[in-house]
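Written below as structure tokens is the structure these notes are about.
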Amino acid sequence: MVGLLAVEMFVTKDHELLVNEIAPRPHNSGHQTIEANATSQYQQHLRAILNLHLGDTSVHQASAMVNLLVRRDFPVRQNTMDLKRC
């Protein structure tokens with residue numbers, strides 16, 4: 001395999017590490033690399049499949065990715081979120 005392998009993990013309240021997904025491609029949980037790292041996950045993927053040297057992975061600024069989990073029975077209203085306030 002050549003390219004990027006993304007592993008999505010979660011930490012439980014009991015500090016247990018769970019692997020949720022393994023994806024042989026850039027992954028949505030790594031989008032913050034676009035702004036936060038010297039070389040994004042997309043650039044790294046292209047470098048790998050084109051047989052180029054991998055780029056610098058240093059961090060330019062702190063970043064985090066947050067997944068929002070909602071119970072299946074949680075009442076959700078369509079088109080009520082004010083994105084400007086987020």
Side-chain angles (χ1 to χ4, degrees):
M1 184 177 115
V2 176
L4 190 79
L5 181 67
V7 181
E8 182 180 60
M9 297 177 275
F10 294 98
V11 178
T12 69
K13 291 178 184 178
D14 299 326
H15 306 288
E16 194 178 8
L17 186 64
L18 304 176
V19 174
N20 181 58
E21 181 181 359
I22 299 174
R25 57 175 167 70
H27 192 269
N28 62 316
S29 63
H31 285 342
Q32 79 276 4
T33 64
I34 296 168
E35 299 294 332
N37 296 80
T39 307
S40 76
Q41 66 171 342
Y42 299 99
Q43 293 168 320
Q44 292 290 47
H45 183 67
L46 287 173
R47 288 171 174 270
I49 63 175
L50 295 173
N51 201 28
L52 300 172
H53 291 289
L54 296 180
D56 178 13
T57 58
S58 63
V59 177
H60 290 293
Q61 61 188 17
S63 68
M65 183 71 182
V66 178
N67 285 315
L68 301 177
L69 304 176
V70 179
R71 293 188 334 248
R72 290 184 186 267
D73 62 341
F74 187 81
V76 177
R77 295 184 190 169
Q78 295 288 329
N79 301 318
T80 59
M81 180 182 268
D82 184 359
L83 296 178
K84 293 178 183 175
R85 292 183 1 189
C86 293

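Values below: every heavy atom of this structure, side chains too, minus hydrogens, waters and symmetry copies.
Linking Ile, Leu, Val, Met, Phe, Trp and Tyr residues whenever their side-chain heavy atoms come within less than 4.5 Å places Ile49 and Leu52 in a single cluster. In the hydrophobic clustering of ILVMFWY residues, with side-chain heavy atoms under 4.5 Å counting as a link, Val7 and Leu18 come out apart. Residues Phe10 and Ile22 fall into different hydrophobic clusters, defined by Ile, Leu, Val, Met, Phe, Trp and Tyr side chains chained together at heavy-atom separations under 4.5 Å. Note on Leu17 and Leu5: same hydrophobic cluster, where clusters join Ile, Leu, Val, Met, Phe, Trp and Tyr whose side-chain heavy atoms are under 4.5 Å apart, directly or indirectly. Linking ILVMFWY side-chain heavy atoms closer than 4.5 Å, directly or via other members, places Leu54 and Leu50 in two distinct hydrophobic clusters.
Not one N or O on the side chain of Ser58 forms a donor-acceptor pair closer than 3.5 Å with the backbone of Ala38. Of the possible polar contacts, one joining the Thr12 side chain to the Glu16 backbone as a donor-acceptor pair under 3.5 Å is found. Judged by distance alone, with hydrogens and angles left aside, the side-chain atoms of Gln41 form no donor-acceptor pair with the main-chain N or O of Thr33 at under 3.5 Å.
The closest side-chain heavy-atom distance from Leu46 to Gln43 is not below 4.5 Å. Looking at heavy atoms from C-beta onward, Gln44 lies in side-chain contact with Thr57 at the 4.5 angstrom threshold.
Scanning both residues, Ala48 and Gly3, for their nearest heavy atoms gives CB-CA, 3.8 Å. Asn20 approaches Glu8 most closely through the heavy-atom pair ND2-OE1, 2.6 Å.
Enclosure of atom CD in Glu35 is not indicated, since only 12 or fewer non-hydrogen atoms of other residues, nucleotides or ligands lie within 6.0 angstrom. In this structure, Asn51 places its CG atom where only 12 or fewer heavy-atom neighbours from other residues, nucleotides or ligands lie under 6.0 Å away.
Atom NE2 of residue His27 and atom NE2 of residue His45 lie 13.5 Å apart, to the nearest 0.5 angstrom. Between Leu4 atom CG and Arg25 atom CZ the span is 10.0 Å, to the nearest 0.5 Å.
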